[in-house]
Amino acid sequence: MRKERLKSYSKFAARVYAVAAKIPKGKTMTYAEVARAAGSPRAYRAVGNILSKNYNPKIPCHRVVRSDGQAGGYNRGGWTGKEKKLRSEDAL
DNA sequence: CCCCTGACACTTA
DNA sequence: ATAAGTGCCAGGG
């Protein structure tokens with residue numbers, strides 16, 4: 001049984017969710033930007049970590065990309081074929 | 001408190 | 001351009 005995440009996330013995590021959910025359509029944010037908006041510009045690592053542990057359906061993780069502009073991992077490595085094309089143009 | 005893990009970023013070879 | 005190493009931060013056990 002996987003660990004139940006419940007709402008045990010800290011303020012930082014909640015901030016990350018808020019920021020990620022705020023990403024407008026046709027736009028992409030890097031983990032660094034999200035971490036910065038979350039309050040810790042150096043916590044881009046924690047952002048990815050929390051995002052992966054606490055995945056929300058309202059959080060378009062595929063819009064969150066790396067500094068290279070390359071997407072990281074959606075759904076813990078589970079990409080949907082359509083999403084792949086979508087994130088190519090980002091729902092353009 | 002200590003150790004491990006993780007969907008990153010940056011530098012050097 | 002690619003690979004490997006290092007540094008950063010937060011969460012969970």
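The figures here come from the full heavy-atom set of this structure, side chains too, leaving out hydrogens, waters and symmetry mates.
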Novice: Would you mind reading off the distance between A:Q70 atom CD and B:dA7 atom P, rounded to a whole angstrom?
Specialist: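 Spelled out: CD on A:Q70 to P on B:dA7 is 17 Å.
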Novice: C:dC9 C1' sits how many Å from A:N49 CG, rounded?
Specialist: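 That distance rounds to 9 Å.
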Novice: Starting at atom CG of A:L51, determine the distance to atom C1' of B:dT5, rounded to an integer number of angstrom.
Specialist: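 After rounding, the reported distance stands at 16 Å.
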Novice: Between C:dG12, B:dA9, C:dC9, which one does the side chain of A:R66 approach most closely?
Specialist: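 So the nucleotide nearest the side chain must be B:dA9.
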Novice: Spell out, yes or no, whether A:V47 and A:V65 are grouped together once hydrophobic residues are joined by side-chain heavy atoms under 4.5 Å, including indirect joins.
Specialist: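 Result: no, two separate clusters.
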Novice: Any chance you could lay out the side-chain contact (heavy atoms from CB on, under 4.5 Å) test for A:V64 and A:V34, step after step, and finish with the verdict?
Specialist: CA-CA 8 Å; A:V64 184; A:V34 177; 4.2 Å; yes
Novice: Rounded to the nearest angstrom, tell me the gap between atom CG in A:D68 and atom C1' in B:dA9.
Specialist: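 Spelled out: CG on A:D68 to C1' on B:dA9 is 8 Å.
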Novice: According to a strict under-4.0 Å criterion, is A:S40 in side-chain N/O contact with OP1 or OP2 of C:dA10?
Specialist: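 Affirmative; the distance criterion is met.
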Novice: Do side-chain atoms of A:S10 reach the backbone of A:A13 as a donor and acceptor pair under 3.5 angstrom?
Specialist: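 The answer is no, because no donor-acceptor pair under 3.5 Å joins these two groups.
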Novice: For C:dG11, does either OP1 or OP2 sit under 4.0 Å from a side-chain N or O belonging to A:S10?
Specialist: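 So the side chain of A:S10 is within the cut-off, an N or O lying under 4.0 Å from OP1 or OP2 of C:dG11.
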Novice: Choosing from C:dC8, C:dA10, C:dG11, which nucleotide comes nearest the side chain of A:Y44?
Specialist: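 Nearest nucleotide to the side chain: C:dC8.
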Novice: In whole angstrom, what separates A:K11's NZ from C:dG11's P?
Specialist: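 After rounding, the gap between these two atoms is 12 Å.
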Novice: With side chains defined as the heavy atoms from C-beta onward, is the minimum distance between A:M29 and A:V19 less than 4.5 Å?
Specialist: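 A side-chain contact under 4.5 Å exists here.
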Novice: If you apply the rule side-chain contact (heavy atoms from CB on, under 4.5 Å), what do you find for A:Y31 with A:L51, and how did you get there?
Specialist: CA-CA 10 Å; A:Y31 287 95; A:L51 242 59; 4.3 Å; yes
Novice: Rounded to the Å, how far apart are A:I50 CD1 and B:dA7 P?
Specialist: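 Distance, rounded to whole Å: 14 Å.
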Novice: Below 3.5 Å, does any donor atom in the side chain of A:Y31 face an acceptor in the base of B:dA7, or the other way round?
Specialist: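 Between B:dA7 and A:Y31, which were checked side chain against base, a qualifying N/O pair under 3.5 Å is present.
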Novice: Just checking A:A46: base, sugar-phosphate only, or nothing, at a heavy-atom cut-off of under 4.0 Å?
Specialist: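 The answer is base, as A:A46 lies within the cut-off (heavy atoms under 4.0 Å) of a base atom.
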Novice: Starting the side chain at C-beta, find the nucleotide from B:dA9, B:dA7, C:dG11 nearest to A:S67.
Specialist: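 Output: B:dA9.
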Novice: Please report, rounded to the nearest Å, how far the P atom of C:dC8 is from the CZ atom of A:R42.
Specialist: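 Distance check: A:R42 CZ to C:dC8 P gives 9 Å.
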